[in-house]
A.B. asks: 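Below are the structure tokens for one structure; questions will follow.
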Protein chains: 6
Amino acid sequence: MTSDFQRADGRALDQLRTVRITRGFTSNPAGSVLVEFGNTRVMCTASVEHGVPRFKRDSGEGWLTAEYAMLPAATHDRMPRESMRGKVKGRTHEISRLIGRSLRAAVDLSQLGENTINIDCDVLQADGGTRTASITGAYVALADAIAVLKAEGVVPGEPLLPPVAAVSVGLVDGNVCLDLPYEEDSRAEVDLNVVMTERGNFVEIQGTGENGDFSREQLGLMLDSAEKGCHELIAAQRAALGI
Amino acid sequence: MTSDFQRADGRALDQLRTVRITRGFTSNPAGSVLVEFGNTRVMCTASVEHGVPRFKRDSGEGWLTAEYAMLPAATHDRMPRESMRGKVKGRTHEISRLIGRSLRAAVDLSQLGENTINIDCDVLQADGGTRTASITGAYVALADAIAVLKAEGVVPGEPLLPPVAAVSVGLVDGNVCLDLPYEEDSRAEVDLNVVMTERGNFVEIQGTGENGDFSREQLGLMLDSAEKGCHELIAAQRAALGI
Amino acid sequence: MTSDFQRADGRALDQLRTVRITRGFTSNPAGSVLVEFGNTRVMCTASVEHGVPRFKRDSGEGWLTAEYAMLPAATHDRMPRESMRGKVKGRTHEISRLIGRSLRAAVDLSQLGENTINIDCDVLQADGGTRTASITGAYVALADAIAVLKAEGVVPGEPLLPPVAAVSVGLVDGNVCLDLPYEEDSRAEVDLNVVMTERGNFVEIQGTGENGDFSREQLGLMLDSAEKGCHELIAAQRAALGI
Amino acid sequence: MTSDFQRADGRALDQLRTVRITRGFTSNPAGSVLVEFGNTRVMCTASVEHGVPRFKRDSGEGWLTAEYAMLPAATHDRMPRESMRGKVKGRTHEISRLIGRSLRAAVDLSQLGENTINIDCDVLQADGGTRTASITGAYVALADAIAVLKAEGVVPGEPLLPPVAAVSVGLVDGNVCLDLPYEEDSRAEVDLNVVMTERGNFVEIQGTGENGDFSREQLGLMLDSAEKGCHELIAAQRAALGI
Amino acid sequence: MTSDFQRADGRALDQLRTVRITRGFTSNPAGSVLVEFGNTRVMCTASVEHGVPRFKRDSGEGWLTAEYAMLPAATHDRMPRESMRGKVKGRTHEISRLIGRSLRAAVDLSQLGENTINIDCDVLQADGGTRTASITGAYVALADAIAVLKAEGVVPGEPLLPPVAAVSVGLVDGNVCLDLPYEEDSRAEVDLNVVMTERGNFVEIQGTGENGDFSREQLGLMLDSAEKGCHELIAAQRAALGI
Amino acid sequence: MTSDFQRADGRALDQLRTVRITRGFTSNPAGSVLVEFGNTRVMCTASVEHGVPRFKRDSGEGWLTAEYAMLPAATHDRMPRESMRGKVKGRTHEISRLIGRSLRAAVDLSQLGENTINIDCDVLQADGGTRTASITGAYVALADAIAVLKAEGVVPGEPLLPPVAAVSVGLVDGNVCLDLPYEEDSRAEVDLNVVMTERGNFVEIQGTGENGDFSREQLGLMLDSAEKGCHELIAAQRAALGI
């Protein structure tokens, strides 16, 4: 930790980037949200399909699944399109699965009827934190999609659970920094992604020390910062939804 | 042809939908444009790479290639993501190739140096005419990207040629309609896509009569309408670029 | 246009290459035709399957689909086999789709019963015009296959419509040339493929100016030439079928 | 074995079907042969490429590789095209490898220079024995291709070795039958493919008892019949080549 | 043949490597065997599934299928993992098919009921003869799996037939050697794999002369040696099973 | 938490399953280890390749990469083989990446020279904790492989860092349980995988609450248990290596 550490964008160590959540970004899916964490911009949609996958059939319950992808020109250097390469990268699979698990923590499948919600998070512009922005934005799209299902009368109960949000935190030159942009993320010693409920419980934590390990004490400080960030993000979700 | 034919959105038969071209839509690629033809919205980017594919190496010339894709939630019913299916659909390939050929008509490769421009057209919202909107928007992104290359001093000449734009025209209940939205496109007897230069020459014409054939006279009327549309689109391109 | 332009094979500008249509080329498929446009040789088969794809089930209608491919040694330089590469090229998809649309214009699906006709066009030797030869030959194979279905008594009506044929035309050194061999095709400024009915209407037109654009007047001259070519090809189809 | 066993086509038990070998079947590859064993028809080509695969580079030796495929309409019931399925079947791989090994026994790679010969065997019509017809026909295409290489002066030595031919033999209702058509092949107790040199040595034998095993004595009788068949096929190869 | 030929491991020409068959190697599949032929070690499992593939449905019969694979570190130099390459090699397909055919000769499918047995042969360590070890070990796993099915009461009859075993034999410097390790296999002139029943009949023979052909007499000597080897392997199978 | 909670296998809540680490399990790779956590058995190998991937070339540093896979019969119900499906599952990718990151924390790449170590973790039998067993066993294989490299004299420095081990911990019916077998894992409310260095620092933590979220306090209790487990596993690694 260095006392004179300054973040490139001038933020305080535990300060989020500007968060913007735009509902109704496109009109075809039941829920469509543009979420922005600073320069990171992700289009999150929630599409509804009647019926469920085979392993849920005749269970009376619904299902939620998620897919994440980057547009090829989202990053500083253009990346080859996964559909053209014929293979999906491990990173993409990993994030898709994380988003799916996180959002399933925000929906009571037993109240959804045999309907499936497909979450799509497509990154239009990447500047770090694309997976956490995706989860945060997708909750809002999910809420809108469930409202549509309820209005259609096809949902037997109240499937929407309280908000789930996600944020990244990392150790940069030994400093605990909240909501890392790409420049910090790429040189961080440790990167921790935290998905949290409104009550302050964890849905998922993933901490990685590719450039160094981290102590129990450092973990504690990072979780403190992440908790603060998630509470602010949940406030932004509630504000966007007007609930 | 029926004298009392009315278009669902109230447009005249030879009237374009509202066209909007937003430059600088995202910040990483050299050129990034959001183009809107009514409810059809496509993000068109032009990314620059130094060097050329093997078949152009040591030619002293540049290259331009294009890829088109739909986001899964762009359409009314969500479509499976091509990267997850492991195969790209024939339609996607076909449109990617059309965009590439059309934009190569707007660039003098011999003036580009050994640089490659990658055009990406990702449909955020689909309501008919996604390929024509893509071509029209991509020209603007291309112009911006070439300006960046020139500012970098890596382009030996003046590679940008005058505008190329594209529009669809179709026969709907026997009426020649310009710039078809999805609802008209899906029931049209004939669908014609026209790519045109500012001088009024054709770069590409593709006419298909899946639900019926069409006469030489009908082709003539459709080309008249397309020509009017392309001229208006080129004006919109020039206005957006301020040239 | 140059007054002293000579075609390498000595043909007049609006003259087809020698056309040969051999029925019963192989014996397993219901229809099997070898079509030759000069040195271009394509084996066109029409195979019959009872039942239709899912999207046509219980419609009472039939379906027709087509696949095009080049044998690896069909071209001057051997091309890698698509099955071994694990991907089908965009060009292949594009031509397969064109053949399918063109042949569906020659069959009344509502008269076919719930049967599927699979057209396969496999190029044994390529010398330009493989897609137009494919369409022209496939019509004859289709006619033979429908005759088999009728003989079997599984077709409720009269599904075969009048002939559809296709030809290429191009601008070579400014001259409108009909039915381009590879040598002309590869250096043509403009390449136009026309699919036409016996009545002289268009089923499909695809014109591309990869090495230059083309005027409305040039389009008119090319369509004149194509119309002449298609009429001659339809005569050859009728002669082969003895109808 | 049943004394009153009759083959459906009236042949003697140890009689080949009519063999036809047509050289110069197509004109682009260096060697192009249509081989017919009764109703089985295979187009065998030998294409020449300067250079060798990585594992042979700088060895001073050449290489030969082979690919086998069935056209989709070659069989009685149309089979899905392998390029469209995205995977090559195990049977296809297996036969391609067999053809490659067999033909490498007919060429002295050390005399070929660093050139690669690509054998393609595409089955136009299948009626049993497609792999043995392929090997037999491919030898003739190989001889023609080597003659081309020699005429070009790029071959340092005499790479062509004496003929290699192949035939199938099987046990049908206990009877040793030579050169099985599909109808016999599909109900044979044992199927044996034999690839043989002119001197009467084996290059490859593959015997399979899917519907029953076979004794050492039966193997001996089958090899006697195969030997007779291969000698006749080699005579046909020599006749076709005029050597 | 050289009178002073010595095998690297000191074995007699017609001597097997040490064979070990360990039942119950893992506990999840119905049959699980580790088979060792010297340093070659293969895990052979037989898993049971109720139901049969579509082509056997409602036949009253069962089915058996097999898959073979090498772990990436099984060979001296690590080989890329087939799942990561996205394609299965032809050799893998070929051996999987051989194992399936061979084991189907050891089971009476009409006595199995509509159950499917999946054989998996995964090579942990490769030193030549992996396919023959796989077949030999898989028979023991199959016997265990059928015993499980019978104990469950889901098998109507007695599906297990007498043992089937397999061994390789080759010509190395002109000497007939039994059960080749990698070092001999890679330089053998001829390689012959023989699958045999307890009665001494052949289920499959595959002989390949990639580095030279072989005479009828040499074939006879190789079969003599293989027969001796298979009888010893069947004794080992019976000993392992205690039958 | 329930005071009368009993684990099915009678272990204390914070007790590991029996751990066995067998070095030299196979002989071809530089390091080969069979690791067992109770019934979970994983073959972990470390193969050495001279040279590094492109992105590390001329860096003077080495690289380490890892692949994880399950044999098809490793699980209670056989799972389709990924190589045959043509796609690798997201879970497989995710675990492969985790193992790679974890083991890179145990090697100083700057001391390795331009060599690549390929870790392969192939699950022979799965009963929960396959990823943590893989990491724990792979460290031992890595140590053996580095010893080989050092003996060969190709490693400039001392690349092996102190041990890294991994363990799972979960909440089962509210109880913090260490080292979950499949039966507990499948019904746990929360699953946490912890990768730890000998000094007690974290390399990676991944906690997931698919069936419920978890509080900061519960996280603390789980980390306490994981820390105890990792220390015992590191002792087992050291014992196996005799260091």
Side-chain angles (χ1 to χ4, degrees), chain A residues 64-68 86-106 108-109 161-162 164 171 189-220 222-224 226-227 230, chain F residues 64-68 86-106 108-109 161-162 164 171 189-220 222-224 226-227 230:
Chain A
L64 180 148
T65 185
E67 288 175 9
Y68 163 96
K87 312 204 215 187
V88 174
K89 289 195 289 186
R91 178 184 179 278
T92 299
H93 270 307
E94 200 171 301
I95 298 178
S96 294
R97 287 159 54 86
L98 169 65
I99 298 172
R101 288 193 307 267
S102 298
L103 272 291
R104 282 193 290 274
D108 182 345
L109 297 173
L161 299 180
V164 162
L171 281 181
E189 298 95 70
V190 176
D191 181 34
L192 178 73
N193 289 290
V194 175
V195 187
M196 207 172 238
T197 64
E198 193 164 29
R199 287 193 350 208
N201 274 3
F202 301 112
V203 171
E204 186 106 13
I205 57 173
Q206 295 194 343
T208 297
E210 179 115 21
N211 304 311
D213 46 40
F214 52 107
S215 68
R216 182 87 175 252
E217 189 192 347
Q218 288 171 316
L219 175 63
M222 289 190 284
L223 292 174
D224 291 342
E227 188 172 343
C230 284
Chain F
L64 180 148
T65 184
E67 288 176 9
Y68 163 98
K87 316 205 214 187
V88 173
K89 291 196 287 187
R91 178 185 179 277
T92 299
H93 271 306
E94 198 171 303
I95 298 178
S96 294
R97 287 159 53 87
L98 170 65
I99 298 172
R101 287 193 306 266
S102 299
L103 272 290
R104 281 193 290 273
D108 181 345
L109 297 174
L161 299 181
V164 161
L171 281 182
E189 298 95 70
V190 176
D191 182 35
L192 178 73
N193 290 289
V194 175
V195 187
M196 206 170 238
T197 64
E198 194 164 29
R199 289 194 350 210
N201 273 6
F202 301 113
V203 171
E204 185 107 14
I205 57 173
Q206 295 195 343
T208 298
E210 178 116 22
N211 305 311
D213 45 40
F214 52 107
S215 67
R216 181 87 175 252
E217 188 192 350
Q218 287 170 318
L219 175 63
M222 288 191 284
L223 292 175
D224 291 342
E227 187 173 344
C230 284

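Owing to the predicted nature of the structure, the values given are computational and were not obtained by experimental measurement. Letters go in sequence order (proteins before strands), and every chain restarts at 1.
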A.B. asks: Between Gln218(A) and chain F, with a heavy-atom cut-off of 4.5 Å, which part of the residue counts as in contact: side chain, backbone, both or neither?
C.D. replies: neither
A.B. asks: Could you have a look at Asn211(A), Asn201(A), Val190(A) and say which one has the most heavy-atom pairs with chain F under 4.5 angstrom?
C.D. replies: Asn201(A)
A.B. asks: Got a second to check how far Glu67(A)'s CD is from Arg97(A)'s CZ, nearest 0.5 Å?
C.D. replies: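 Interatomic distance, Glu67(A) CD to Arg97(A) CZ, rounded to 0.5 Å: 13.0 Å.
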A.B. asks: Which bit of Val88(A) comes within less than 4.5 Å of chain F, counting heavy atoms only: side chain, backbone, both or neither?
C.D. replies: backbone
A.B. asks: Is Arg216(A) in contact with chain F via its backbone, its side chain, both, or neither, using a 4.5 Å heavy-atom distance?
C.D. replies: both
A.B. asks: Check step by step if side-chain contact (heavy atoms from CB on, under 4.5 Å) holds for Leu223(F) and Phe202(F).
C.D. replies: CA-CA 10 Å; Leu223(F) 292 175; Phe202(F) 301 113; 3.9 Å; yes
A.B. asks: Look up atom CG in Leu192(F) and atom CG in Leu171(F), then write down how far apart they are to the nearest 0.5 Å.
C.D. replies: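 Answer for the CG-CG pair, Leu192(F) versus Leu171(F), is 9.0 Å.
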A.B. asks: Nearest 0.5 Å please: distance from the CE atom of Met222(A) over to the CD atom of Glu227(A).
C.D. replies: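 That separation rounds to 14.5 Å.
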A.B. asks: Examine whether an atom of Asp191(A) lies under 4.5 Å from a heavy atom of chain F, and if so say whether it belongs to the side chain, the backbone or both; otherwise answer neither.
C.D. replies: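 The answer is neither part of Asp191(A).
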A.B. asks: Find the one option among Gly209(F), Ala105(F), Ser96(F), Ser215(F) whose heavy-atom pairs under 4.5 Å with chain A are most numerous.
C.D. replies: Ser215(F)
A.B. asks: Pick one of side chain, backbone, both or neither for Thr197(F), based on which atoms fall under 4.5 Å of a heavy atom in chain A.
C.D. replies: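 Looking at Thr197(F), just its side chain touches chain A.
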A.B. asks: Flag the one option from Glu94(F), Arg101(F), Gln206(F) with the top tally of heavy-atom pairs under 4.5 Å to chain A.
C.D. replies: Glu94(F)
A.B. asks: Of all the heavy-atom pairs spanning Pro162(F) and Ala106(F), show the shortest one and how long it is.
C.D. replies: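 Looking at all heavy atoms of both residues, the shortest contact is O-CB, 4.3 Å.
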A.B. asks: Do Val164(F) and Val195(F) have side chains that get closer than 4.5 Å, going by heavy atoms?
C.D. replies: yes
A.B. asks: Arg91(A) versus chain F, heavy atoms under 4.5 Å apart: side chain, backbone, both or neither?
C.D. replies: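 When you check distances to chain F, atoms from both the backbone and side chain of Arg91(A) fall under 4.5 Å.
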A.B. asks: How long is the gap from CG on Leu219(F) to CG on Asp213(F), to the nearest 0.5 Å?
C.D. replies: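 CG of Asp213(F) is found 12.5 Å from CG of Leu219(F).
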